[in-house]
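Contents: one structure, followed by commentary.
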Amino acid sequence: VTFVGTVGNDIYGKRIKNEFESVCVNTKYLYVNPKVATALATIIVNKKKGSRTILTYRPEGLKMPDVNLSFTPDVILIDGQEDELALKFLDKYQNSITIIDAGRPTAKVIALAKKVDYLVCSKEFALKVTGIECSDTFSSLVELYKKMETIFKNTIVITLEEQGSLYKYENKIKLMPSLKVKALDSTGAGDLFHGAFTYAISQQYSLEEAIKLANITGALSVTKIGGRNSAFPLAEVMKLYEHFR
C-alpha cells in the first residue's frame, strides 16, 4: 500500500507518518508541508448512542504538489480531497481499478465520481446529488438507486450505516444487511468500509463478496472507541465472513 497525500511539519504529521510506516505503508509520496499545520478532526463521542460530533480544521495551503509515481498502481482509492491530482491519476492510469469514497457532494467530487470504476458513497451523498426525497423502505431506496444510475454509469454502492449497503448485482438491486452490533463509536467506520472494500476488490472478490467483507469490517469497528484502534485483524473478520449470510 502506498499513500499519496500531505501533512504539516508538526507533531501530528510526524505521528501520521510513523503510524503508516508501522504497518508497512509506503510513505515515499507523503508530502510534508513545512509552511502549514496538519489537518485535524477532533471527535466528541457519545458512547450511549454511538454517535459523534466532529470538529474539523483544514488550513489554507495544505495542498499536495504534483507527483509522478515510479510504478503503475493496481488499484487506486481516492476520496476527493486532492481533486486535481486524483483527476491526473484517473486519466493516466486508465487500466488501474479505481474506487472513490464519495463523501462531500461538491462539483469536483461528483466529477471524479463519474470517472471511477466503483462509486462507493453514503446515502446523504446520493440524496444530495439526486435531489430526491427517500425513506428507509426498500422501494424508496430502489428509486434512489435508479436515479443514481441515470447520473453515474459505473458500479454504484450506497452505504446506509446500520441498514447495510445498497447495490446492483446480476441486474438486480439488492440490500445487504449490516452485522448487528452494539455501537459505541462510529468514528472511522466509513473509512474501514472503504478500505476493506478496496482490499477485497484487489483480491478479486466479486462485488457481493467485497460488500460483505466491507459490511462486516465497518460494523465491527463501531464496537470500539477510535478510528485506527477499531480496525479488527483480518483473521477475526474472516471468521464472521464465513458465517454471515
Side-chain angles (χ1 to χ4, degrees), residues 1-6 39 41 54 56 58 62-64 66-67 69 72-134 140-161 163-169 171 173-176 188-202 205-208 210-211 213-215 217-218:
V1 176
T2 295
F3 177 78
V4 181
T6 183
I54 306 177
T56 59
R58 184 177 177 87
L62 188 64
K63 186 177 178 61
M64 184 73 189
D66 192 20
V67 61
L69 302 180
T72 299
D74 299 306
V75 182
I76 301 173
L77 171 64
I78 61 176
D79 65 0
Q81 285 287 355
E82 301 288 348
D83 53 277
E84 293 179 8
L85 189 59
L87 183 61
K88 173 188 172 181
F89 282 3
L90 293 180
D91 288 337
K92 183 175 182 179
Y93 302 111
Q94 295 188 19
N95 291 326
S96 300
I97 299 171
T98 53
I99 305 167
I100 188 170
D101 170 0
R104 299 164 297 120
T106 64
K108 291 181 178 179
V109 174
I110 293 170
L112 289 171
K114 291 180 178 180
K115 295 179 70 68
V116 296
D117 299 311
Y118 295 91
L119 164 57
V120 186
C121 67
S122 64
K123 181 181 178 182
E124 181 183 6
F125 178 91
L127 290 174
K128 289 184 177 180
V129 170
T130 60
I132 66 175
E133 295 183 3
C134 175
S140 184
L141 292 172
V142 167
E143 290 305 311
L144 175 64
Y145 194 93
K146 288 181 177 179
K147 181 64 176 180
M148 285 287 285
E149 285 186 306
T150 66
I151 302 171
F152 303 97
K153 306 305 179 183
N154 42 19
T155 299
I156 304 167
V157 179
I158 303 174
T159 59
L160 305 171
E161 298 182 344
Q163 277 188 280
S165 301
L166 191 69
Y167 62 103
K168 192 171 190 177
Y169 190 65
N171 210 34
I173 298 174
K174 297 184 176 183
L175 176 62
M176 184 178 294
D191 298 311
L192 284 163
F193 181 100
H194 287 86
F197 181 86
T198 302
Y199 166 80
I201 292 297
S202 74
Y205 284 41
S206 70
L207 177 64
E208 277 199 319
I211 294 172
L213 186 74
N215 263 5
T217 304

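Model, not experiment: these values are computed from the prediction.
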Should we count NZ of Lys88 as having more than 12 external heavy atoms under 6.0 Å? yes
Atom pair OG (Ser206) and CD1 (Ile201), whose distance is rounded to the nearest 0.5 Å: 8.0 Å
Side chains of Phe197 and Leu213: does their closest heavy-atom pair fall under 4.5 Å? no
Do the side chains of Pro73 and Phe89 get nearer than 4.5 Å, heavy atoms only? no
Do Met148 and Thr130 come close enough that some side-chain heavy atom pair is under 4.5 Å? yes
Closest non-hydrogen atom pair between Tyr205 and Ala210, with its separation: CB-N, 4.0 Å
For residues Leu112 and Gly80, report the shortest heavy-atom separation together with the two atoms involved. CD1-CA, 4.0 Å
Close side-chain approach of Ile97 and Asp74, heavy atoms under 4.5 Å: no
Side-chain touch Leu69/Tyr93, heavy atoms, less than 4.5 angstrom: yes
Which value, rounded to the nearest 0.5 Å, describes the distance between Asn154 atom CG and Glu149 atom CD? 10.0 Å
Working note: His194 + Asp79, criterion side chain to side chain contact (heavy atoms under 4.5 Å, CB included); need CA distance, chi angles, decisive distance, verdict. CA-CA 10 Å; His194 287 86; Asp79 65 0; over 6 Å; no
Can a salt bridge be assigned to the pair Lys147 and Glu143 using a cut-off of 4.0 Å between side-chain N and carboxylate O? no
Could you state the interatomic distance from CG (Leu175) to OH (Tyr167), rounded to the nearest 0.5 Å? 8.0 Å
What closest approach, in Å, do Ala214 and Ala196 show between heavy atoms, and which atom pair accounts for it? CA-CB, 3.8 Å
Are Lys123 and Leu166 side-chain neighbours, meaning at least one heavy-atom pair lies under 4.5 Å? no
When rounded to the nearest 0.5 Å, the distance separating CD of Glu133 from CG of Leu127 is 9.5 Å
Between Ser96 and Ile76, which heavy-atom pair has the shortest distance, and what is it? CB-CD1, 4.1 Å
Tell me whether the count of non-hydrogen atoms from other residues, nucleotides or ligands lying under 6.0 Å of NZ in Lys128 goes above 12. no
Residues that Arg104 engages under side-chain contact (heavy atoms from CB on, under 4.5 Å), provided they are two or more places apart: Gln81, Thr106, Val109
First locate atom OG of Ser165, then atom CD1 of Ile158, and finally report the distance between them rounded to the nearest 0.5 Å. 10.0 Å
I want to check something: taking the side chain as every heavy atom from C-beta on, are Leu90 and Ile78 in contact at a cut-off of under 4.5 Å? yes
Partners meeting side-chain contact (heavy atoms from CB on, under 4.5 Å) with Thr198 (sequence neighbours left out): Val75, Leu77, Ile99
Name all pairs fulfilling the side chain to side chain donor-acceptor pair (under 3.5 Å) condition that reach into residues 108-119, sequence neighbours left out, sorted by first residue then second. Asp91-Lys115, Thr98-Asp117
Should Tyr169 and Ile211 be marked as a side chain to side chain contact (heavy atoms under 4.5 Å, CB included) after you check the CA-CA gap, both sets of side-chain angles, and the distance that decides it? CA-CA 11 Å; Tyr169 190 65; Ile211 294 172; over 6 Å; no
Evaluate whether atom CD of Gln163 has more than 12 neighbouring non-hydrogen atoms of other residues, nucleotides or ligands under 6.0 angstrom away. yes
Interatomic distance, CG@Asp83 vs CE@Met64, rounded to 0.5 Å, equals 13.5 Å
Between Ile110 and Phe152, which heavy-atom pair has the shortest distance, and what is it? O-CE2, 3.8 Å
Asn215 and Met176: which non-hydrogen atoms are nearest, and at how many Å? ND2-O, 3.3 Å
